[in-house]
Amino acid sequence: MRERRAAQERRRAREFEAFVAGAAGRLLRAATLLTAEPEDRRAPAAERLLTLALARTYVAWDRLRGEDPYDRTRQEMAARFAHSAWRERLPRALGHGRRPPPGGLLGRLSPQERLVLVLRLYEGVAEEQTAAQLGLPAERVHTLCLRAVGHMRSNPPAGHAEPPVRVGAPAPEPVGVPDASQAPDAPPAPSAPSAPDPLLPAPHPEAAAP
């Protein structure tokens, strides 16, 4: 009995290590976008957020029963971030509030806007799924996504002289993000995709709306 349990633990450890090796980079990128830490240096808050989510996934590994461990980890990460985001309102710009915003790409957005933008545009989670996971009406998720994209365009990060006219249409490869002024779940037009929007996080190559 003891040997059987030890063998199961070794198998679970091997499977989990293989999963982390393949998914940790993408998950850490999403976590860094959420915490709005600069991506050119270590992001301790993002690392902690991801570590806690991975720990929960490992504990539930044998109970996943066909559930995608990446989706499970992303849900855990989003839930943990939402737990604090719903209680925190960071100032959007310098001079507003008592402390400056984080220095990452999405640092000028509120935590709620960051979470919705990352789930919808970077991870490609459907609007209804995002709403259900966050416990928000779908209309609220849609509004937050539109507001976040509009704020990124009207307040470009340092180094961007002016925002682009529109966001690139989705394609099999990560060349841009969907145009949030249209229905997020609508299929892309058959025309050639535009250039990617440098003000928004480019979707990961494997991200696709269910």
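Note that this is a predicted model, so its numbers are computed, not measured.
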Rounded to the nearest 0.5 Å, what's the gap from [atom1] on [X] to [atom2] on [Y]? Could you check?
X: T73; Y: F19; atom1: OG1; atom2: CZ; result: 3.5 Å
X: Q8; Y: R10; atom1: CD; atom2: CZ; result: 10.5 Å
X: L144; Y: L115; atom1: CG; atom2: CG; result: 9.5 Å
X: Q75; Y: R56; atom1: CD; atom2: CZ; result: 11.5 Å
X: E39; Y: L28; atom1: CD; atom2: CG; result: 9.0 Å

Relative to each other, are the rings of W61 and F16 parallel, tilted or perpendicular (30° and 60° limits)?
perpendicular
Minimum-distance pair of heavy atoms, taken over all atoms of L106 and R114:
O-CD, 3.1 Å
Can you name the closest pair of heavy atoms from G107 and A36 and give their distance?
CA-CB, 3.6 Å
Contact between [X] and [Y] at the side-chain level, heavy atoms closer than 4.5 Å - yes or no?
X: Q129; Y: Q133; value: no
X: L134; Y: V116; value: yes
X: L54; Y: Y58; value: no
X: D62; Y: R11; value: yes
X: L105; Y: T32; value: no
X: L121; Y: V149; value: yes

H142 and E127: side-chain donor and acceptor closer than 3.5 Å?
yes
Tell me yes or no: between the side chains of Q112 and S110, is some donor less than 3.5 Å from an acceptor?
no
Side chain to side chain contact (heavy atoms under 4.5 Å, CB included) test vs L50 passes for just one of M77, R29, E76, namely M77
Donor-acceptor pairs are to be reported for all side-chain atoms of residues 65-72 against protein atoms at under 3.5 Å, with residues two or more places apart or in another chain.
from	atom 1	to	atom 2	distance (Å)
E67	OE1	R72	NH1	3.4
D68	OD1	Y70	N	2.9
Y70	OH	R26	NE	2.7
Y70	OH	E123	OE1	3.0
Y70	OH	E123	OE2	2.9
D71	OD1	R74	NH2	3.0

Indicate every side-chain donor-acceptor pair of residues 40-49 with a distance under 3.5 Å to a residue at least two apart or in another chain.
from	atom 1	to	atom 2	distance (Å)
R42	NE	E47	OE1	3.0
R42	NH2	E47	OE1	3.3

Does the side chain to side chain contact (heavy atoms under 4.5 Å, CB included) test come out yes or no for R108 and M152, once each step is laid out?
CA-CA 8 Å; R108 293 177 180 270; M152 290 292 293; 5.6 Å; no
Is the closest basic N to carboxylate O distance between R12 and E15 below 4.0 Å?
no
In terms of hydrophobic clusters joined by side-chain contacts under 4.5 Å, are F81 and L52 together?
no
